[in-house]
Amino acid sequence: MTSDIGVIGMGAMGGHLCLLLADKGYKVTAYNREGEPVDRLGNVIKMAKEQKLDNKFIFTASIREFITSLKVPRKILLETSHGPNVDEVCNQISQYLNVGDLLVDCGNEWYEETNRRILDFEKKGVLYLGMGVSGGYQSARRGPSMSPGGPKQAYDAIEPILKKIAPSGKTGKPCYAYIGIGGSGHYVKMVHNGIEQGMMSSVSEAYGIMRDNLKLKPPQIAKEFERWCGTKELENNFLVQISADICTRPDEKNKEGYLIDNILDNVIQDTDSSEGTGTWTVRDDAARHTPCPTIVAAHYYRLTSSYVNDRRDASKLLDLSSDLTPPSPYSGIDEDLRLAVYTSHLVSFIEGFNLIVKASKDENWELNIIDIITIYRAGCIIQSDYILDLLEKVYSANKEKPLHNLFLDKMIADELKKGLKSLRKIIAFGVESGQPIPALSASLAFIS
């Protein structure tokens with residue numbers, strides 16, 4: 001018995017992607033690298049049995065067994081962490097691969113590493129694709145947004161499978177598309193994550209103001225986020241939606257209060273380099289001289305957040321609240337806060353798309369920006385219907401030559417002006433209150 005496709009890496013993303021493929025009717029071979037402390041393969045076997053999908057799987061304990069279980073030409077998805085881990089797996093399996101076999105790296109990766117691997121495998125006649133997979137493990141199970149890049153022949157070989165597992169956005173189009181040559185697919189996913197960081201930061205800064213200055217409890221904050229989701233500017237804004245959900249989660253461990261009140265800051269992914277995309281985006285925007293201040297400020301906010309003990313000790317020495325006289329909340333602050341977050345989200349998109357357009361020119365990728373907008377419409381973290389509709393209108397009006405700077409478009413300018421007064425008022429309120437608001441402040445500084 002042989003499988004249609006194999007997946008290496010049974011972490012949260014790889015395991016749930018296996019289940020999605022099996023659910024869509026594919027026979028799947030699953031393998032996890034030996035020596036890892038967690039029995040990830042065992043976890044997937046358990047989930048497959050619980051979901052009555054185990055008859056769709058071949059579970060293997062060695063690379064040789066994995067390779068021989070696959071139909072020829074082989075299709076293999078890699079779901080391992082970036083850098084040396086990918087090279088290690090590639091080195092292990094390359095001796096077993098034949099001309100026409102296909103490897104798809106579904107993890108996050110620095111695009112130049114993807115360029116290198118494409119060329120290395122090309123010499124052996126093996127196809128290699130770098131594909132960004134968005135939306136976290138939940139979307140990996142339900143249907144992720146995907147941005148494949150590399151040789152067109154490699155994309156054509158995997159496209160029928162992508163078509164079956166991709167979600168569709170409000171336009172009805174599936175949320176995947178051939179991005180372009182080389183590491184362009186991984187690059188687009190990298191920028192997606194940069195935009196995500198900017199958006200997350202502005203939401204968290206708004207949460208801080210509502211909690212500390214407006215004295216709202218988590219369920220009240222959840223209702224405010226839910227109200228935002230009912231407005232046109234933040235319609236189907238995934239990050240605001242899940243923020244509302246998070247604020248209502250009870251603390252089941254401590255049996256009282258809400259989970260969000262009892263979570264210590266523990267964002268370490270970009271401190272220990274296990275994630276990478278935020279760091280790469282910051283590095284790349286500087287190298288390309290394409291300013292992304294909201295994304296950069298959000299990234300450094302994340303890094304600062306991870307040093308929780310240092311922050312506690314420093315706050316005692318600084319005694320920052322000693323000379324503060326926080327202002328009282330004013331009438332209409334809730335609506336100003338909503339518009340400020342929306343405006344900052346729009347600026348994060350402007351920064352990210354300006355960077356994508358610049359990279360496309362620098363690398364001769366000739367990216368289709370409308371396709372990238374379509375990819376972001378479902379199954380990913382930065383889904384935000386109103387903003388994506390706006391960007392599609394702007395780029396559709398400039399099809400021949402995508403704008404190198406979205407600030408130069410009148411439709412964009414009109415949207416920014418709509419929220420500018422609110423953004424200024426919230427930043428003034430935040431500064432006077434001693435509230436950290438780096439992403440919101442960076443967005444205003446960039447507009448100004």
Side-chain angles (χ1 to χ4, degrees), residues 193-218 220-222 224-225 239-240 242-243 246-247 249 251 253-254 256-283 285-286 292-327 329 333 337 340-341 344-345 347-348 351 381 423 426-446:
N193 287 18
I195 295 169
E196 175 187 333
Q197 286 193 176
M199 295 173 72
M200 280 197 296
S201 191
S202 64
V203 172
S204 73
E205 293 160 31
Y207 172 86
I209 289 173
M210 286 191 275
R211 180 194 63 193
D212 299 337
N213 303 109
L214 306 189
K215 305 301 181 184
L216 300 183
K217 299 297 184 184
Q220 295 171 302
I221 296 174
E224 189 62 11
F225 282 144
L239 281 168
V240 175
I242 62 169
S243 296
I246 290 164
C247 287
R249 293 277 178 95
D251 187 343
K253 183 178 179 181
N254 295 311
E256 61 178 334
Y258 293 89
L259 184 63
I260 198 166
D261 286 333
N262 298 309
I263 297 176
L264 288 176
D265 296 334
N266 61 357
V267 178
I268 61 167
Q269 291 171 306
D270 287 305
T271 304
D272 69 359
S273 295
S274 64
E275 169 59 53
T277 48
T279 304
W280 300 333
T281 306
V282 170
R283 182 172 75 189
D285 88 78
C292 298
T294 308
I295 292 171
V296 171
H299 181 69
Y300 285 116
Y301 197 26
R302 283 168 65 93
L303 296 187
T304 305
S305 179
S306 68
Y307 295 102
V308 61
N309 292 326
D310 286 356
R311 290 191 292 106
R312 281 174 173 164
D313 293 343
S315 68
K316 294 173 186 175
L317 295 172
L318 290 166
D319 192 19
L320 292 173
S321 61
S322 61
D323 60 348
L324 271 180
T325 306
I333 191 173
L337 200 53
V341 168
S344 185
H345 279 196
V347 173
S348 289
E351 293 171 6
I381 306 297
L423 184 57
I426 289 299
I427 288 168
F429 181 85
V431 170
E432 290 183 17
S433 303
Q435 193 71 25
I437 44 174
L440 292 170
S441 298
S443 293
L444 178 61
F446 195 22

- Could you pull out the closest heavy-atom pair between Ala442 and Pro293, with the gap in Å? CB-O, 3.5 Å
- Does CZ in Arg249 sit with more than 12 non-hydrogen atoms of other residues, nucleotides or ligands closer than 6.0 Å? no
- With a 4.5 Å limit on heavy-atom distance, are the side chains of Val203 and Met199 in contact? no
- Ser344 and Thr294 have their tightest heavy-atom pair at OG-CG2, 3.9 Å
- Message: Just verifying a value: how many Å separate Leu444 CG and Leu423 CG, rounded to the nearest 0.5 Å?
- Response: 4.5 Å
- Message: Applying ring-ring contact (aromatic ring centres under 6.0 Å, His included), can you list everything that pairs with Phe446, at least two apart in sequence or on another chain?
- Response: Phe407
- Message: To the nearest 0.5 Å, what is the distance between CG on Asp261 and CG on Asp251?
- Response: 8.5 Å
- Item | Close side-chain approach of Tyr207 to Ser243, heavy-atom, < 4.5 Å | no
- Val341 versus Ala206, closest heavy-atom pair with distance: CG2-CB, 3.6 Å
- Message: For Gly198 versus Ala439, what's the shortest heavy-atom pair and its separation?
- Response: O-CB, 4.1 Å
Would you list the atom pairs, donor with acceptor, under 3.5 Å between side chains in residues 208-218 and any protein atom, with sequence neighbours excluded?
| residue | atom | partner | partner atom | Å |
| --- | --- | --- | --- | --- |
| Asp212 | OD2 | Gln435 | NE2 | 3.4 |
| Lys215 | NZ | Asp212 | O | 2.9 |

- Message: Using the side chain to side chain contact (heavy atoms under 4.5 Å, CB included) criterion, which residues pair with Val296? Sequence neighbours excluded.
- Response: Val282, Asp285, Tyr300
- Message: To check you understand the geometry: which heavy-atom pair defines the closest contact between Leu440 and Ala340, and what is its length?
- Response: CD2-O, 3.7 Å
- Task: State the OG-CZ distance between Ser204 and Arg302, to the nearest 0.5 angstrom.
- Result: 10.0 Å
- With rounding to the nearest 0.5 Å, note down the distance linking CD in Gln197 to SG in Cys292. 11.5 Å
- Item | Separation between CZ of Phe225 and CD1 of Ile242, rounded to the nearest 0.5 Å | 10.5 Å
- Give the C-alpha distance, both sets of side-chain angles, the deciding distance and a yes or no for side chain to side chain donor-acceptor pair (under 3.5 Å) between Glu205 and Ser201. CA-CA 6 Å; Glu205 293 160 31; Ser201 191; 2.6 Å; yes
- Item | OH (Tyr258) with more than 12 external heavy atoms under 6.0 Å | no
- Message: Using every non-hydrogen atom in the two residues, find where Ile437 and Gly430 come nearest and quote the distance to one decimal.
- Response: CD1-CA, 4.0 Å
- Query: Can you tell me how far CG of Asn193 sits from CD1 of Ile381, rounded to the nearest 0.5 angstrom?
  - Reply: 8.5 Å
